[in-house]
Amino acid sequence: MILEYLSYPFVQNALVAGVLISLCAALLGVPLVLKRLSFIGDGLSHVAFGAMAVAGALSLADTMALSLPVTIAAALLLVRAGRGAKTGADAMLAMLSVGAMATGYLVMNLKPSSSNVSGDVCTTLFGSVSILTLTDLDVWLSVGLSLAVCALWLFFYHRIFDMTFDETYAKACGARTALFNSVSAVVIAVVIVISMRLVGTLLVSSLIVVPAIAAMRVAKSFRGVCAVAAVFTVVCSLAGILAAVVAGTPVGSTIVAADIAGFGILSLAGRFKR
Amino acid sequence: MQKLVECRDLLLGYGTHVLAPCPDFNVGPGDCLCVVGHNGSGKTTLLKCIAGLAKPLAGTIEFASDFEDGQIGYLPQQGPMQRDFPASVREVVQSGCQARRGWRPFYSRGEKRRALAAMVRLGIAPLADRCYRELSGGQRQKTLLARALCGNCRLLLLDEPTNGLDAEATADFYRLISRLSADGLAIVMVTHDLTAALAASTHILTLGEDASFKTNERHG
């Protein structure tokens, strides 16, 4: 039966786009989780929600045209705040994410882009109910951006390790740490905005965080964590998307459920090994 | 002998806080300078200034003309983050070569060999594939030392390196420091552990009100 589903182009589209998107979210998630910055992914997705709502109210043809620059700006702001501010980036982030969320919902109600406001909100929060809604442009955009992010990540793999393990030492070695942090903030923002289409704003951070913490349960080296996280997320996304197609469940939450189940298995495996 | 680094008329401070002036001092190959002083006297700030991570409020820090970027090995005080980091000892040591790696996306065979040589030199080669978070405090410090050596380090800056080590590991660590300094490495070490540090050091820099720079008479 699965083979039959696989012959539909929209299922193939969803599989390719979904797997690639979750792969780059997982790869970027490893340094984020290790640097104790997981909450940034969550916060940024809320900001992206607000921006998308405003873009919808303005009846922009492509909501990404607004949500992408706004999310990038928020990410850069957070990186800067985390470095110098004394109040701490976490309080700032909490304010920013709740503020953006509230503004988004407010705008959606004030100036609804369709008659079904709660349906719109639900789709933005939890992703498309059916993957049929992914357009060809969506798919190509996701595939292109994901491949670019993965290539960038591979090229800077060792630099990412240096910066994650010991930023002070990297700086003493002459690495341009401020530039690196800004570039990674931009990349994270891009990944969050493109993966939002798939799983929705509320569930995006699970694509970033879960593979990394699951991999940390079993792997003992940085390379191992990255490799396990990559395989983990590919398997879970494939399983999640196929299950969603077959059972007719919402894609985003099915992928996340598969992730959580995978996390449980790896946790058990990690405990067993010790 | 030619000095590696020479500090003159240094005035240290952090934020808006200005500290007492730091006595002039210099460090040459084979010297082991022990920096002492009470809390908040600027010991860590001094190390950061030498490492280029902070700027002194006034004064000059001058390096020997043949001293290159990346020849400083800096061991900051360890944060809680690193202690549970999933990295193998080999990965950590190898990252000492990051300055010479530059834009290349991978380590060359020569750099991998350097990493192995550094591990052998400090006796941690058998730990190469162990996970950093499973090591004892002493083994961790040796891993970070090996990382510094791997980067062709000529000047080693240590910030309270024996913090959290037990008596045996501390003694072991100081023996290692003495050996490295005898091999011609210049070492600047901040510490609270006076007796053991004084035994290992050739010079003593005291910061704070009764600041001074002296040769350690008891050494040797």
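Chain A is the first sequence line, chain B the second, and so forth, proteins listed ahead of strands; every chain is numbered from 1. In this text, all values refer to a predicted model and were calculated from it rather than measured experimentally. Below, each value reflects all heavy atoms present in this structure, side chains not excepted, and no hydrogens, waters or symmetry copies.
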Checklist entry - Do you know which of B:G73, B:A51, B:A87, B:A99 has the most heavy-atom pairs under 4.5 Å to chain A? => result B:A87
Item to check | Side chain / backbone / both / neither for A:A215 at chain B, heavy atoms under 4.5 Å | outcome: neither
Checklist entry - Are the charged groups of A:D166 and B:R147 less than 4.0 angstrom apart, N to O? => result yes
Checklist entry - In terms of heavy-atom proximity below 4.5 Å to chain A, should B:V89 be classed as side chain, backbone, both, or neither? => result neither
Next on the checklist: Other residues, nucleotides and ligands only: do more than 12 of their heavy atoms fall within 6.0 Å of NZ on B:K43?
Outcome noted: yes
Checklist outcome for this item: Among residues 156-163 of chain A, residues within the sub-4.5 Å heavy-atom range of chain B, in order of number, are A:F156, A:Y157, A:H158, A:R159, A:F161, A:D162
Checklist entry - Heavy atoms, side chains only, cut-off 4.5 Å: are B:Y132 and A:F222 in contact? => result no
Checklist entry - At a heavy-atom separation under 4.5 Å, does A:A219 approach chain B through its side chain, its backbone, both, or neither? => result backbone
Item to check | Interface moiety of B:Q94 toward chain A, non-hydrogen atoms closer than 4.5 Å | outcome: side chain
Checklist entry - To the nearest 0.5 Å, how far apart are CG in B:L53 and OH in A:Y169? => result 11.5 Å
Checklist entry - Is it the side chain or the backbone of B:L75 that comes within 4.5 Å of chain A heavy atoms, both, or neither? => result neither
Checklist outcome for this item: Per-residue tally against chain A (heavy atom, under 4.5 Å) across B:Q98, B:R100, B:R104 peaks at B:Q98
Checklist entry - Do A:T164 and B:F85 touch side chain to side chain, with heavy atoms closer than 4.5 Å? => result yes
Item to check | Residue part contacting chain A, namely of B:R101, when any heavy atom lies under 4.5 Å | outcome: side chain
Next on the checklist: How close do B:P86 and A:M216 get, counting heavy atoms only, and between which atoms?
Outcome noted: CG-CG, 4.0 Å
Next on the checklist: Counting neighbours of CZ on B:R130 that are heavy atoms of other residues, nucleotides or ligands and sit closer than 6.0 Å, is the number greater than 12?
Outcome noted: yes
